[in-house]
Amino acid sequence: QVQLVESGGGLVQPGGSLRLSCAVSGTIFSIYAMAWYRQAPGKQRELVATIPSAGGTNYADSVKGRFTVSRDNAKNTVYLQMNSLKPEDMAVYYCNADIKVGLGVPSRAYWGQGTQVTVSS
């Protein structure tokens, strides 16, 4: 059983910072790409940032220069450092990972339960 557990969300004022974490646990053979998505009320879920297993990162234009995604493969954890937060960043943030649970088993996407980020004065 694979679990992704996010933490670090909360209330922050505009211009503030938050650091989200997502820890993967369970029976894991390999973790490939990891990513952060977000979904604001009434809007579709959107990709925020991705980080492949071998490094390199990609960001949505709306967060470039403000957000940084990183991962610690030894801890099976992905992070999202969010700086200069804006009210439009307010959303539920979801962790996503492409995980292979065993030899001969195709990898598939797993999701966390989400963590709320509220940006308000």
Show me, pair by pair, the donor-acceptor contacts under 3.5 angstrom made by side chains of residues 60-69, not counting sequence neighbours?
residue, atom, partner, partner atom, Å
D61, OD1, K64, NZ, 3.1
S62, OG, R38, NH2, 3.3
R66, NH1, S84, O, 2.9
R66, NH1, D89, OD2, 2.7
R66, NH2, S62, O, 2.8
R66, NH2, D89, OD1, 3.0
R66, NH2, D89, OD2, 3.4

For a quick test of your reading: what N or O donor-acceptor pairs under 3.5 Å do the side chains of residues 15-28 make, sequence neighbours left out?
residue, atom, partner, partner atom, Å
S17, OG, N83, OD1, 2.9

Verdict with supporting geometry, T50 and T57, side-chain contact (heavy atoms from CB on, under 4.5 Å): CA-CA 6 Å; T50 61; T57 56; over 6 Å; no
Please lay out, stage by stage, how L103 and F29 fare under the test side-chain contact (heavy atoms from CB on, under 4.5 Å). CA-CA 7 Å; L103 279 173; F29 184 76; 3.6 Å; yes
Stepwise side-chain contact (heavy atoms from CB on, under 4.5 Å) test for I51 and V78: CA-CA 9 Å; I51 181 166; V78 62; 4.0 Å; yes
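Under a cut-off of 6.0 angstrom, the local environment of CD in E88 is crowded, with over 12 non-hydrogen atoms contributed by other residues, nucleotides or ligands. The number of heavy atoms from other shown groups lying within 6.0 Å of CD (Q3) does not exceed 12.
Between the side chain of E6 and the backbone N or O of C95, at least one donor-acceptor pair lies under 3.5 Å. Side chain of R108 to main chain of D98: no donor-acceptor pair is present (N/O by atom type, distance under 3.5 Å, no hydrogens or angles).
Residues that satisfy the side chain to side chain contact (heavy atoms under 4.5 Å, CB included) test with P87, not counting sequence neighbours, are P14, V119.
Between I31 and R71, the shortest heavy-atom distance links the atoms O-NH2, 3.4 Å. Taking all atoms of both residues into account, the shortest heavy-atom contact from M34 to T77 is CE-C, 4.5 Å. In terms of heavy atoms, N73 sits closest to S53 at ND2-O, 3.8 Å.
Other members of a hydrophobic cluster containing L11 are absent, since no ILVMFWY side chain comes under 4.5 Å of it, directly or through relayed contacts. Residue V92 belongs to a hydrophobic cluster whose other members are Y37, L47, Y94, W111, with links defined by side-chain heavy atoms closer than 4.5 Å. The hydrophobic side chain of Y79 is isolated, with no ILVMFWY side chain under 4.5 Å apart from it.
V101 is listed as a side-chain neighbour of Y110, based on a closest heavy-atom distance under 4.5 Å. No side-chain heavy atom of V12 sits under 4.5 Å from any side-chain heavy atom of T118.
Note on Y32: it does not cluster hydrophobically with V105, by side-chain heavy-atom contacts below 4.5 Å among ILVMFWY residues.
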